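Notes to accompany the following structure.
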Amino acid sequence: MERSRSNLTTGSSPSPAATGQHPAGGGAHSFLLESFVALAIIFFSIMALSSTHNSLTIVHQVPEGHVGVYWRGGALLQTITNPGFHVKLPLITSFEPIQVTLQTDMASFPYLQFMNIARPITSLRHTVRDIPCGTKGGVMINFTRIEVVNRLRKEYVYDTLLQYGVHYDNTWIYDKIHHEINQFCSSHSLQQVYIDMFDQIDERMKEALQVDCTRYAPGIEIISVRVTKPTIPNTVKRNFEAMEEERTKVLIAIEKQKVAEKEAETQMKMAISEAEKKASVSRIMMEQMLMEKESAQQQAEIDNQMYLAREKSLVMKEAEANKLKLTPEFLELRFIESIANNSKIFFGDKIPGMIFDQRLLGNFLQEFSRSENA
């Protein structure tokens, strides 16, 4: 009050700092700075809101492996954008990134359909927990987890979402799996579901899902289905474990028997091989002995023929020599020598006749030899 009064009394004007006024140049600079900060705050606020309510965003991003789908006033637009940054009208147009690459949907119950906020398809993972089903024999079992690898084809995104909405997988994957699992269990026994046909469940679920998807939602492609082992009551499980233990013992016994049979077969083969080897050696030795005998026989035959030829030659030579010796004179000489060497002396009238007869024989031989020479 005193200062004001002094100002009034003195008639001087207040200073710019006291009145809150700035020079002209400084006011324009401050206004631009405040406008820039306000725009930045608005931009970042809009970007922050894009994670929760994308209908308020102007600039939005479509991630890789997805396509952007848009609604205006609740009506699905035919506009589909590729990955990257895009611009839309806030509050009027909303969008969803829809995955068109391979994805693994793991269904669970409930399906979390109470979540009304916008989210990418890949951000919500469903897990099947304790899917109950009754077997043909009345035993209740639970499938703890089922995974479905699937893909939505890009060219069928609009038609699929137009008919079944963003949560198309709830209709054609999750609900369908629950139905097919119960159908399979109700038509098979616990032994078949848990052991005998468990390896076929994956393929059967895949075929069942793909048949209906091909017929009603051709854009959905089922790549594979993975079903985990179901949980069974503890009492039944203990029985199965006991049966498996006994089966294992039987298999071990069978394998031991096979090993023993294999060893016996091996020993028999070895014995047969040894006997065949000995027989072969014996046969070879016998053949060798026979060959030696045949060779000796042939050699003896040759020796015999040589001996016979030699003896025959000697006999022939001796015969020829004797033939040359058998002359009347030689025979008479031999006769006389024989008579001279005889120690017996005969007396009587017949002796001259005997000598005469011998001379007649010599004469006959002489004439015979002459006739042959002639």
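Only heavy atoms go into these numbers, but all of them, side chains included; no hydrogens, no water, no symmetry mates. From a predicted model like this one, the values you see are computed outputs, not experimental measurements.
Across all their heavy atoms, Lys176 and Ala208 have their closest contact at CE-O, 4.1 Å. Across Val67 and Val100, no two heavy atoms sit closer than the pair CG2-CG1, 3.9 Å. Of all non-hydrogen atoms in Met140 and Pro233, the two that sit nearest each other are O-CD, 3.6 Å. Contact between Pro63 and Pro97 at its shortest, heavy atoms only, is CD-CB, 3.9 Å. Of all heavy-atom pairs spanning Val62 and Gly68, the tightest one is CG1-N, 3.7 Å.
Between the CD1 atom of Ile181 and the CG atom of Asn142 there is a distance of 11.5 Å, given to the nearest 0.5 Å. Rounding to the nearest 0.5 Å gives a distance of 11.0 Å between CD1 of Ile220 and CZ of Arg153. Here the straight-line distance linking atom CG of Asp159 with atom CD of Gln78 works out to 9.0 Å at 0.5 Å rounding. The SG atom of Cys185 sits 6.5 Å away from atom CD1 of Ile201, with the distance rounded to the nearest 0.5 Å. Here the straight-line distance linking atom CD of Gln163 with atom OG1 of Thr171 works out to 11.0 Å at 0.5 Å rounding. Between the OG atom of Ser282 and the CD atom of Gln288 there is a distance of 11.5 Å, given to the nearest 0.5 Å.
Through direct or indirect side-chain contacts shorter than 4.5 Å among Ile, Leu, Val, Met, Phe, Trp and Tyr, Ile254 is connected to Val250. Within the hydrophobic cluster formed by Ile, Leu, Val, Met, Phe, Trp and Tyr side chains joined at under 4.5 Å, directly or through other members, Ile272 is accompanied by Met268. Grouping Ile, Leu, Val, Met, Phe, Trp and Tyr residues whose side-chain heavy atoms lie under 4.5 Å apart, directly or via other members, places Met285 in a hydrophobic cluster with Val281.
Using modelled atom types, no side-chain atom of His179 and backbone atom of Asp175 make a donor-acceptor pair closer than 3.5 Å. Side chain of Thr248 to main chain of Glu244: a donor-acceptor pair is present (N/O by atom type, distance under 3.5 Å, no hydrogens or angles).
Checked against ring pair (Phe, Tyr, Trp, His ring centres under 6.0 Å), Tyr158 has no partners two or more places apart in sequence or in another chain. With sequence neighbours excluded, no residue satisfies ring pair (Phe, Tyr, Trp, His ring centres under 6.0 Å) with Tyr156.
There is no side-chain donor-acceptor pair under 3.5 Å between Tyr70 and His86.
In this structure the side chain of Val236 never reaches within 4.5 angstrom of the side chain of Tyr194, judged on heavy atoms. Between Met197 and Arg204, some side-chain heavy-atom pair lies under the 4.5 Å cut-off.
By the 30° and 60° cut-offs, the orientation of the rings of Trp172 relative to Tyr164 is perpendicular.
A salt bridge is defined here as a Lys NZ or Arg NE, NH1 or NH2 lying under 4.0 Å from an Asp or Glu carboxylate O, and Glu274 with Lys277 meets this definition.
Under the 4.5 Å side-chain heavy-atom criterion for ILVMFWY residues, no single connected hydrophobic cluster contains both Val211 and Val225.
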Identify all side-chain donor-acceptor contacts of residues 290-303 below 3.5 Å with residues at least two apart in sequence or on another chain.
none

